[in-house]
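If you're wondering where the values come from, they're calculated on a predicted model, not measured in any experiment. Keep in mind that the numbers below use all heavy atoms, side chains included, and drop hydrogens, waters and symmetry copies.
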Amino acid sequence: MRRSPGQSLAIGGGLLGLAAIVLLPFWFIATGAIKAPQEIIARVPTLVPHSFTLRHFDKLLGASDYPRYLGNSLVVGLGSTAITVVLSVLAAYGFYRLRFPGQDLLFRAVLVAYAFPGILILIPLYGMMSQAGLIDTPAALVIVNVTFASPFAIWMMRSFFASIPAELEEAALIDGASRLAILLRIMVPLAAPGIASVAIFAFIASWTEYLFASVLILSDANRTLPVGFAGIIGQYQIDWGLLLAGATLATVPVVLLFGIVGRWFIAGLTAGAVK
């Protein structure tokens with residue numbers, strides 16, 4: 001059914017308005033990072049910068065520990081993402097294809113674990129990490145991030161595996177392929193959109209995590225970006241140019257991740273696979 005010009009115009013206007021609501025905050029952050037301080041705090045905000053300066057980035061990268069915090073966040077984020085992807089793929093394939101006693105009960109228990117807020121287990125988790133000697137180490141944050149991201153990631157990957165035709169595995173089994181070979185050579189390539197989604201979810205969850213990073217990390221040298229950046233802002237008495245420059249740089253890794261794995265979101269990778 002073809003749309004009338006009025007309907008197309010209304011839909012286009014609605015999409016344009018939605019895009020403006022989503023993108024305008026990022027535009028003001030990115031452009032504010034290169035504005036002079038006087039223009040940033042002006043009573044009338046400017047959509048297009050009237051001034052240009054890199055002093056905020058110079059101050060952020062040269063006179064603060066922001067680069068160290070950025071590096072710590074990258075280590076924790078990439079480590080959490082890699083472990084979450086591996087565990088979720090193996091667990092989801094086991095829940096979907098393998099048959100064992102208590103399978104459904106265990107799968108529901110995994111999802112229930114995701115429902116508990118992190119603040120409820122903060123104190124016992126701190127005690128466990130202290131006994132294990134992991135306080136003030138990146139490994140503690142990686143363990144916490146994987147623990148909270150894995151249940152949802154397993155549920156997501158199980159749904160993707162369920163959408164792959166079973167005939168592909170049956171044909172591979174007839175040809176003598178093992179379960180591990182089927183998983184790595186058939187299921188993983190076909191479930192690439194799901195793996196990309198899990199990777200993005202795990203990385204963003206780790207990148208923005210503040211609660212456990214503020215409690216489990218004690219030294220300034222091991223702080224991640226959310227905690228360390230909050231200290232920088234307090235140190236400089238809310239320097240808005242510094243704040244906007246830091247927020248701009250903090251979005252770069254996430255944008256790069258979307259640029260690398262975004263192509264795997266294209267639907268239809270399994271179209272015609274049975275043939």
Side-chain angles (χ1 to χ4, degrees), residues 25-26 29 60 64-88 91 109-157 197-240 242-258:
F26 294 98
I29 291 174
L60 184 70
S64 71
D65 291 328
Y66 188 91
R68 178 187 299 173
Y69 303 146
L70 186 63
N72 293 338
S73 287
L74 285 175
V75 171
V76 173
L78 294 176
S80 302
T81 301
I83 296 175
T84 300
V85 168
V86 173
L87 291 181
S88 62
V110 170
L111 294 181
V112 169
Y114 181 73
F116 288 95
I119 192 67
L120 294 180
I121 62 173
L122 181 59
I123 295 178
L125 187 60
Y126 184 91
M128 294 173 57
M129 293 296 178
S130 179
Q131 293 180 1
L134 295 177
I135 296 296
D136 199 27
T137 63
L141 297 183
V142 172
I143 294 173
V144 170
N145 293 331
V146 171
T147 300
F148 281 93
S150 293
F152 181 76
I154 292 172
W155 176 81
M156 186 184 301
M157 286 306 307
S197 301
V198 168
I200 292 175
F201 166 75
F203 184 81
I204 294 179
S206 173
W207 189 256
T208 58
E209 202 283 317
Y210 181 87
L211 175 63
F212 292 100
S214 63
V215 175
L216 299 179
I217 300 299
L218 305 179
S219 64
D220 186 69
N222 292 326
R223 287 179 178 176
T224 54
L225 195 57
V227 180
F229 191 43
I232 292 176
I233 296 305
Q235 177 183 354
Y236 289 98
Q237 301 299 322
I238 310 184
D239 186 332
W240 293 107
L242 193 71
L243 174 63
L244 295 173
T248 301
L249 291 183
T251 60
V252 172
V254 179
V255 173
L256 291 178
L257 179 62
F258 270 95

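A donor-acceptor contact shorter than 3.5 Å links the side chain of Ser88 to the backbone of Val85.
Screening residues 72-87 for side chain to side chain donor-acceptor pair (under 3.5 Å), with sequence neighbours left out, gives Ser80-Asn145.
Across every non-hydrogen atom of Ile29 and Ala247, the tightest pair is CG2-CB, 3.9 Å. Across all non-hydrogen atoms, the minimal contact from Pro138 to Val76 is CB-CG2, 4.0 Å. Between Val215 and Leu218, the shortest heavy-atom distance links the atoms O-CD2, 3.8 Å. Counting all heavy atoms, side chain and backbone alike, Leu60 lies closest to Pro67 at O-CD, 4.1 Å. Looking at every heavy atom in both residues, Arg68 comes nearest to Ala221 through CD-O, 3.4 Å. In this structure, Ala250 and Pro253 approach most closely via the heavy-atom pair O-CD, 3.5 Å.
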Take Asn222 and Thr137 through the test side-chain contact (heavy atoms from CB on, under 4.5 Å) and record every step on the way to the result. CA-CA 7 Å; Asn222 292 326; Thr137 63; 5.9 Å; no
Apply side-chain contact (heavy atoms from CB on, under 4.5 Å) to residues Phe148 and Ile121 and explain how you reach the verdict. CA-CA 11 Å; Phe148 281 93; Ile121 62 173; 3.4 Å; yes
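Between the CG atom in Leu134 and the OH atom in Tyr126 there is a gap of 12.0 Å [rounded to 0.5 Å]. Here the CG-CG distance, from Leu225 to Leu74, works out to 8.5 Å after rounding to the nearest 0.5 Å. Note that OH of Tyr69 is 3.0 Å distant from CG of Asp220, once rounded to the nearest 0.5 Å. Of the inter-residue distances, the one linking Thr224 atom OG1 with Leu70 atom CG reads 11.0 Å to the nearest 0.5 angstrom. Interatomic distance, CG of Leu125 versus CG of Leu122, reported as 7.0 Å (0.5 Å rounding). How far OG of Ser64 is from CZ of Phe229: 8.5 Å, rounded to the nearest 0.5 Å.
The shortest distance between side-chain heavy atoms of Arg223 and Asp65 does not fall below 4.5 Å. Side-chain contact between Val227 and Ile217 is absent, with no heavy atoms from C-beta onward closer than 4.5 Å.
Checked against salt bridge (Lys or Arg N to Asp or Glu O under 4.0 Å), Asp136 has no partners two or more places apart in sequence or in another chain.
Around the CD1 atom of Ile123, the shell of radius 6.0 Å holds no more than 12 heavy atoms that belong to other residues, nucleotides or ligands.
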